[in-house]
Each structure stands twice: as structure tokens, then as C-alpha cells.
Amino acid sequence: MDVQQEQAAVLTTLDMLPAKKKELNMSNAMKRTNEWIFSQDISSDVTVLVQGVSFSLHKFPLVSKCGYIRKLISISKEGDQVVRINDVPGGPKGFELGAKFCYGINFELTIENISMARCVAEYLEMTEEYAVGNLVSRAEAYINEVGLNSFAGAVSILQSSENYLPVSENVKLVTRCVDTIALIVTKESEFCLSASGECSSEGLDSSSSSLFHLKEVVDWWAEDLVVLSIRTFQRVLLAMISRGFNKYALVPILMLYARKCLQDLEEIPEKGKNKSVRNQENEKRVILETIVSLLPREKDAIAISFLSMLLRSAIYLETTVACRLDLEKRMGLQLGQAVLDDILIPSFRFDGDTLFDIDTVQRILMNFGGFDGTCDDMANVGRLMESYLAEIASDCNLSLSKFMNLAEHIPNQRVIDDGMYKAIDIYLKAHPALGDTERKKLCSLINFQKLTSEARVHAAQNDRLSAGTVVQVLYHEQKRLREAIDDGSRSSPLQEDLSSLQQENKDLKFELLKAKMRLKDIEKSHSDKSPLCTRSLISTVSKKFLKFTPFLRFDHAVPSSNTRNKNKASKARRHSLS
């Protein structure tokens, strides 16, 4: 077969390929192959097909350096001049590089192509057994003398090696790169060498100088490592830890990797997921679960805002239950440091249920309950959960049982109970269909002794509360008045002030007795009771209560109705009590 016939055979093969590939193959295969052939006076005697690309070559230079091709030709039928190789590393481009070496054509080994050259040489068996100074030994010399002598070189080779698995793993290229990176980072990090300067077994030092120093230590290598796949990234970090790198210093790199890979979750389409979208979700799910497994276990090692971000992503991606429970437990241990936005976790079920994922927050709260926290932590969590209740109370899909169950597990170390009253009032306003029994059960969560004067005045006029609740408010206010009178008799010598307070106390007792008697009448005639009657009772008692407690408006600076409405409009609150 002459040169023209071989060219025609190659063109026939290329005609069967797509138009885009044809142009690439003509430039990469046909052009270079013809150059090699025309540079020789001997016609080609073998055609190598690599993933649909045809190479017209000569047997002698190939079999003299490639043990793999020598075996293929030796077992081929007589007269068969076609050799098929489908899984060579790098495909046609990788085989072309090996063929150039066989023909003695000069090409440069670089950091970018050394992984492919080493893997192609291994696959084609280009060892010293077949030729001295073969491609395997040449590639190894470059890797050892140039590639693994710097951090950037080792990372670049490691990244490209991921494209040639499992061959790159078989020649220990991945392992050597991982060990080199771990060794360089461990040696050059002052943070790891000190090991106890800014970090201790209790966690990271939160001082600004320590965090700044940690950022300096991590910055020089973190950006390079985030380009690796999650499996290779995990191997590098584990190798660093095994060499003595402090695990607390890994938190910034884990945060960086997580934000890079998980920041576009909302861009994944929900409906009509095709195979590529499912693969994308699976990849991100593996990334998230791996990051969680690498986080330090100790309390306060990780910011709770970062844990909240991971938990939201885990719920959205539907990771394993173990992964989600682990994040919930971590957040529970640090709940005293959280702010409201950290626990406002959206519900991703989209099934008409509540707007926020209340079940998850309750499990986090239960984890905190099993932790022996400080008094400050208990108080912080109490205020935080009251704010959370007020935020979710306006959700019309929130059931009474779920609301009460969450409220009952809130730590009871609160000094005042205005937050609980506010949340319950918002819930009653958003759920007007609740019966009197349900409202009474809900109002039982309020500790009226811990309400401020302003909250008591509001509760006394609140027609959303049950009638029995209003009576309790009046009773506790009367009790407070009696205590104030006793204190005044010991501290103030003025008989007129004392007699005035005593008279007010008697009048309040009389009104309270009338309210109790009226309430008993209502309970006896429960079947005939109407909402109008109950509202009339509450309104009457409230007016009498305000009439006989003038010092609430002056001594405690409670504004009149017009002034109070103006002041409330100016308060920067998320919800109104009225």
C-alpha cells in the first residue's frame, strides 16, 4: 500500500466521524502522521486506531520501544495491519505523545503534560526492558527532579493525575504528590510547628491576633488545594494531619472549599431533573458529607454560622441522616452563641407545610438541653428561642401542638417573660379560630409574675386572651400592688400616700372579686356563652383595672393610648404586641 492509498484509508475513517471531530482529527492525527511518514522513505505498515482516530505508522519504531504494541502485533492475524487501542490515558493526544517519543521527535516535558506522559508510558510498557532511556525513566526523572520539588508543581501534577486514574494511582503518582504536599505544608507552616501557640486541645483561640495569624498561615496554600476533587482533597488533608498538622488550622480551608462548591445550590433546577442534574447533586452531596467528616469534634472549634450553612445545605441535598444529626448536635452544643438567622432554617419540602423547618430546630434545642451549659448560655438560648417563636408564630400552617411543644422545651432561666407573651399573642392573632380551651392551654405557658408592667397593662386589655387569663393578670397585678404598699409603708412616712394606696388596693380587690364571680357565672352557662359576652367582661375589667391603678401610668411611665401607639410605631421590632 503506497502513501496515497494510506491517506485515502485515513480519510475514509475520518469521514465516519462527526464534523467537529473531523477537523480536530485532521489537524492532530492526519497532519502529524503524514509529516512523520513523508520524513521517511518507507511506507507505513500498521494503522493504530485510538478511540476512532487513525494513525498510519511503522511497526519497527513502535515495537522497539512499546512492549504493549509488540504484544498486540504478535497475536494479530497475518496480514492484519490494524491495531485498536481504546483506553490509552489521554486518548489520541496521549498516544500521539508516545508515538512521537518512539519516532525520536523532540517534545518538551512540562508540569502540564508530565502526568499524561508518565501514564501513557506505563500503559504502553515503554520501559528499560525494551529500550535504554525509555519514556518511563525519562518521565520519572522529570517528576523527581522538577515536578515534586515545589508545592505548586506537586499540586498541578496531582490535579492532572486525576484525569488518568487508575493508571496514575498504579504508578504511585497520586500518592507521591499527596505526600509531597503534606510534607511541604507541614514544614513551612509556623502555626503547625508551634502546635500550641495559638491552638490548644480546647479549640481555637478566638483572639484577633491568633485568627489573623491563622489566616496568614493558611492563605498561601488554601487557594491551590481547592481546585482538587473532594476525594483527592480529603487525602491531602488526612496526610497533613498524619504528619502533625494541627487539625484546627484545617477549618479555614474546609470553609473555603465548602463555599466554593456549595454556593450555587439554588441554581440546581428542582423539577424535571435529568441525569446530569442528579449527578451534580450526588457530587455535591459527597462533598458536603466529606467536609462534615473532616471537621474537628471539639466544641467551639467552628463558628455556628458555618455549621448553620452546612445544615441548610445538608437538608436541601438530602444527605444521610447521620450527617444531618451530626450537624444538629454540633449546633446544639453551641446554641448559646447563635443569633436568630442561624436557626431560621427554611423548609425545603414544598408540601404546604410550615415555612420554616421547626422539627430540626427542636432537635437542636433538645441537644442543647442535654448539655450542661452556663447560666449565660441558658439565658441567651431562652431569649433566642422566644424570638424564634415570635418569628414562626405568624405562620398559619403552624399547629398548636408543634408551637407548644417547642415552647415547653425552652430553658426557664428567663428574668422576664415578655418574649413568650409576645410570641403567644402573635400566634393568637394569626390563628383566630382557636377555641377558648385551646387559648387557655396556650396562655398557661406565660409566667405572669415575670411580665413587666407594660406587658401586664397590654394583657389586661387583650381580647385575644382567654377570660381566665385576664383574671390571672389582674390577680398578679393586685399582688404586686400589695407588695408595693408594704414597701411604701416601710420606706415612706407619709400617712396620706399610704392610705391612698390602701384604698386603691381595696377597690382593686373588689373589682377582682366581681370578675371572678362573673367568670363563674359564664362557666355555669357555658352552652349559652357568646364571644360578645366574654369580650364585654374583659373590656369592663380592663377599664376598672386602669381606673384604680393610676400610678402605673405615672410612676412607671406607662404612656396614654395615643402616645403609646405613636411610640410603638417607632420601635424597631419585627412584630407588634397589639
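All heavy atoms count here, side chains included; hydrogens, waters and symmetry mates do not.
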With heavy-atom distances below 4.5 Å as the criterion, would you say the side chains of [X] and [Y] are in contact?
X    : Y    : answer
L335 : M331 : no
R138 : I143 : no
V146 : I114 : no
R243 : D179 : yes
L294 : L238 : yes
F233 : V227 : no
T290 : V286 : yes
L49  : I85  : no

- request: List the steps, then state whether side chain to side chain contact (heavy atoms under 4.5 Å, CB included) holds for R324 with T360.
  value: CA-CA 9 Å; R324 280 175 276 175; T360 295; over 6 Å; no
Measure the [atom1]-[atom2] distance between [X] and [Y] for me, rounded to the nearest 0.5 Å.
X    : Y    : atom1 : atom2 : result
L72  : L124 : CG    : CG    : 9.5 Å
C119 : L97  : SG    : CG    : 11.5 Å
M309 : S313 : CE    : OG    : 5.5 Å
I69  : C102 : CD1   : SG    : 6.5 Å
C261 : L288 : SG    : CG    : 10.5 Å
L317 : K284 : CG    : NZ    : 8.0 Å

Measure across [X] and [Y] and return the closest heavy-atom pair with its distance rounded to 0.1 Å.
X    : Y    : result
I302 : P296 : CD1-O, 3.8 Å
V226 : Y257 : O-CE1, 3.6 Å
Q337 : D300 : NE2-OD1, 2.5 Å
L398 : A393 : CD2-CA, 4.3 Å
I181 : V155 : CD1-CG2, 3.6 Å
V53  : P92  : CG2-CG, 3.7 Å

Looking at [Y], is its backbone amide N or carbonyl O close enough to the side chain of [X] to form a donor-acceptor pair, meaning the two atoms are under 3.5 Å apart?
X    : Y    : answer
N367 : R363 : yes
N144 : A141 : no
N405 : S401 : no
S160 : I157 : yes
T319 : I315 : no
T175 : K172 : no
N246 : Y248 : yes
Q159 : L228 : no
Y103 : H58  : yes
S64  : F60  : yes

Regarding [X] and [Y], is there a side-chain donor-to-acceptor distance under 3.5 Å anywhere?
X    : Y    : value
E162 : S229 : yes
Y164 : E169 : no
S308 : S305 : no
Q51  : D87  : no
S161 : S115 : yes
R235 : T232 : no
E128 : S137 : yes

Should the pair [X]-[Y] be classified as a salt bridge under the 4.0 Å nitrogen-to-oxygen rule?
X    : Y    : value
E298 : K247 : yes
K71  : E125 : yes
E318 : R285 : no
K65  : E129 : no
R118 : E122 : yes
D359 : K402 : yes

task: Begin with the C-alpha distance, continue with both residues' side-chain angles, and end with the deciding distance and a verdict on side chain to side chain contact (heavy atoms under 4.5 Å, CB included) for V167 and V120.
output: CA-CA 9 Å; V167 180; V120 168; over 6 Å; no
- prompt: Can you check side chain to side chain contact (heavy atoms under 4.5 Å, CB included) on F368 and L333, steps first, answer last?
  reply: CA-CA 6 Å; F368 175 79; L333 294 177; over 6 Å; no
- request: Determine the interplanar angle of the F107 and F101 rings, folded into 0 to 90°, and report it as parallel if under 30°, tilted if 30 to 60°, perpendicular if over 60°.
  value: perpendicular
query: Between F356 and I345, does a side chain to side chain contact (heavy atoms under 4.5 Å, CB included) hold up when you go through it step by step?
result: CA-CA 6 Å; F356 295 105; I345 301 172; over 6 Å; no
statement: Between L389 and the options L384, L406, I424, the side chain to side chain contact (heavy atoms under 4.5 Å, CB included) test singles out L406
- request: Tell me, with the steps shown, if E140 and R176 meet salt bridge (Lys or Arg N to Asp or Glu O under 4.0 Å).
  value: CA-CA 12 Å; E140 282 293 335; R176 286 183 287 170; 2.8 Å; yes
task: Could you give me the CA-CA distance, side-chain angles and deciding distance for R312 and D342, then say whether salt bridge (Lys or Arg N to Asp or Glu O under 4.0 Å) is met?
output: CA-CA 10 Å; R312 295 171 199 228; D342 293 332; 5.4 Å; no
